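Notes follow the structure.
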Amino acid sequence: MAESQYNLTVLISGNGSNLQALIDACASGALPNTRITHVISNRQKAFGRERARNASIPDSYHNLVQYKKKHPQTPEGIEAARKEYDADLANIILASKPRPDLIVCAGWMHIVTPSFLTPIADAGIKIINLHPALPGEFAGAGAIERAWKAGQEEGLKRTGVMIHEVIAEVDAGDAIVTKEVELRKDESLDKLETRIHGVEHGLIVEGTKKTLEGIGAARAK
Ligand SMILES: Nc1nc2c(c(=O)[nH]1)N[C@@H](CN(C=O)c1ccc(C(=O)N[C@@H](CCC(=O)O)C(=O)O)cc1)CN2
Ligand SMILES: NCC(=O)N[C@@H]1O[C@H](COP(=O)([O-])[O-])[C@@H](O)[C@H]1O
């Protein structure tokens with residue numbers, strides 16, 4: 001039976017070093033029969049877009065600012081803009097050919113709402129996210145710095161990295177893979193970030209591979 005081919009859409013916001021880990025894993029076969037068919041950034045100047053172009057992967061910029069300009073600058077207006085933005089993001093992904101088998105948030109710094117999650121789930125597409133913390137700890141942005149401070153000031157002994165399923169509650173979806181990272185007294189934040197990023201680059205491949213294996217097994221039933 002022909003091996004399944006898996007298509008990934010990768011969402012980014014910045015440097016794209018985790019995207020690069022996925023690009024390299026597809027090329028090396030560490031992610032077998034897998035290709036990244038679309039990279040979407042919510043930041044126009046994200047270097048990860050250049051990484052995509054260098055790998056001949058289509059990339060696009062999905063700009064929240066243009067949505068906010070169409071709505072009043074009130075909490076209700078901003079919520080309406082985010083819902084519209086998220087619904088259009090889902091439409092863009094669902095209209096892409098080929099459609100992704102899996103969406104990977106690789107440093108995607110935007111909280112998605114059910115306007116995105118529901119149509120993607122209805123299409124049977126999973127979403128996974130890289131988060132530099134362990135399940136139930138330091139949800140949200142700035143997790144590494146918060147863990148570093150807890151290590152320096154409260155004696156926390158370890159933090160970690162996880163790949164988890166994306167649900168409406170931020171960083172609360174089921175963990176797919178996790179890896180602990182030791183916190184070292186008097187270590188600089190920069191040095192901890194470097195160690196954590198190194199763990200991320202391996203774990204995002206491991207978590208993506210495990211998720212795709214599950215998708216393949218479900219297909220085979
Ligand atoms: N509904 C969900 N959305 C997202 C999840 C999730 O689990 N559920 N994971 C995040 C990634 N993430 C941490 O891993 C994260 C990213 C960004 C933020 C955040 O506070 N973003 C702000 C804007 C920050 C900025 O633009 O610089 C916001 O969206 O208002 C929290 C957590 C991906 N999304
Ligand atoms: N809440 C998610 C989060 O904080 N993700 C962080 O974004 C970075 C993206 O780096 P990259 O653009 O080089 O892959 C990652 O290093 C990760 O720690």
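The shown structure was predicted, so the numbers you read here are calculated from the model rather than taken from an experiment. Just follow the structure's listing: the first ligand is 1, and inside any ligand the first atom is 1.
- Shown in contact with G140 at under 4.0 Å from a heavy atom are these atoms of ligand 1, numbered in order with element: 31 (C), 32 (C).
- In terms of heavy-atom proximity, V199 sits nearest to K179 at CG1-CD, 3.7 Å.
- Here the protein heavy atom with the shortest distance to atom 18 (C) of ligand 1 is I111 CG1, 3.7 Å.
- Counting heavy-atom neighbours within 6.0 Å of K45 NZ, excluding the residue itself, gives a total of 12 or less.
- Close contacts between ligand 2 and G107 involve ligand atoms 7 (O), 9 (C) [criterion: under 4.0 Å to a heavy atom].
- The pair K83-E79 meets the salt-bridge criterion, with a side-chain N (NZ, NE, NH1 or NH2) lying under 4.0 Å from an Asp/Glu carboxylate O.
- Every atom of ligand 1 is numbered from 1 in the order shown, and the set under 4.0 Å from a heavy atom of V166 is 2 (C), 6 (C), 8 (N).
- By the criterion of a heavy-atom distance under 4.0 Å, neither the backbone nor the side chain of D171 is placed next to ligand 2.
- The closest side-chain donor-acceptor pair between N42 and Y85, if any, does not fall under 3.5 angstrom.
- Residue R43 has at least one heavy-atom neighbour below 4.0 Å for each of these atoms of ligand 1: 25 (C), 26 (O), 27 (O).
- Of the N or O atoms in N129, none lie within a sub-3.5 Å distance of an N or O in ligand 2.
- Annotation for ligand 2: atoms under 4.0 Å from non-hydrogen atoms of H197 are 16 (O), 18 (O).
- Using a cut-off of 4.0 Å between Lys/Arg side-chain N and Asp/Glu carboxylate O, E180 and K157 are scored as not salt-bridged.
- Contact between A141 and ligand 1 is present, with at least one heavy atom of the residue lying under 4.0 Å from the ligand.
- Applying the 4.0 Å criterion to heavy atoms of I144 picks out, from ligand 2, the atoms 18 (O).
- In A168, the part holding a heavy atom less than 4.0 Å from any atom of ligand 1 is the backbone.
- Taking every heavy atom of L130 and a limit of under 4.0 angstrom, the matching atoms of ligand 1 come to 14 (O).
- Considering only non-hydrogen protein atoms, atom 34 (N) of ligand 1 sits nearest to H110 O, 2.8 Å.
- Look at K209 and E213 and you find a salt bridge, because one of the NZ, NE, NH1 or NH2 atoms lies within 4.0 Å of a carboxylate O, short of that distance.
- Per-residue contacts place H131 under 4.0 angstrom from the following atoms of ligand 1 (heavy atoms of the residue considered): 13 (C), 14 (O).
- Using a 4.0 Å cutoff on heavy atoms, N42 does not count as a contact of ligand 1.
- Atoms of ligand 1 lying under 4.0 Å from at least one heavy atom of V170, given by number and element, are 6 (C), 7 (O), 8 (N), 32 (C).
- With atom 15 (C) of ligand 2 as the reference point, the heavy atom nearest to it among E200, Q20, E193 is part of E200.
- Set against the non-hydrogen atoms of H131, the atoms of ligand 2 under 4.0 Å away are 1 (N), 2 (C).
- Heavy atoms of I12 come nearer than 4.0 angstrom to ligand 2 in no pair at all.
- By the criterion of a heavy-atom distance under 4.0 Å, the side chain of R82, and not its backbone, is placed next to ligand 1.
- Among L117, I167, V112, the residue whose heavy atom lies closest to atom 8 (N) of ligand 1 is I167.
- The shortest heavy-atom distance from M109 to ligand 2 is under 4.0 Å.
- The protein heavy atom nearest to atom 21 (N) of ligand 1 is M109 O, 3.7 Å.
- Of the N and O atoms on the side chains of S17 and H201, at least one donor lies less than 3.5 Å from an acceptor on the other residue.
- Contact atoms of ligand 1 toward W108: 11 (C), 16 (C), 33 (C) (distance under 4.0 Å to a heavy atom of the residue).
- For ligand 1 and H164, the ligand atoms under 4.0 Å from any heavy atom of the residue are 7 (O).
- Other residues, nucleotides and ligands contribute at most 12 non-hydrogen atoms within 6.0 Å of the NZ atom of K69.
- Among all protein heavy atoms, the one lying closest to atom 7 (O) of ligand 1 is D171 N, 2.7 Å.
- Under a 4.0 Å heavy-atom criterion, G16 is in contact with ligand 2.
- With a 4.0 Å heavy-atom cut-off, ligand 2 is reached by the backbone of S17 and by its side chain too.
- Counting all heavy atoms, side chain and backbone alike, F138 lies closest to A143 at O-CB, 3.4 Å.
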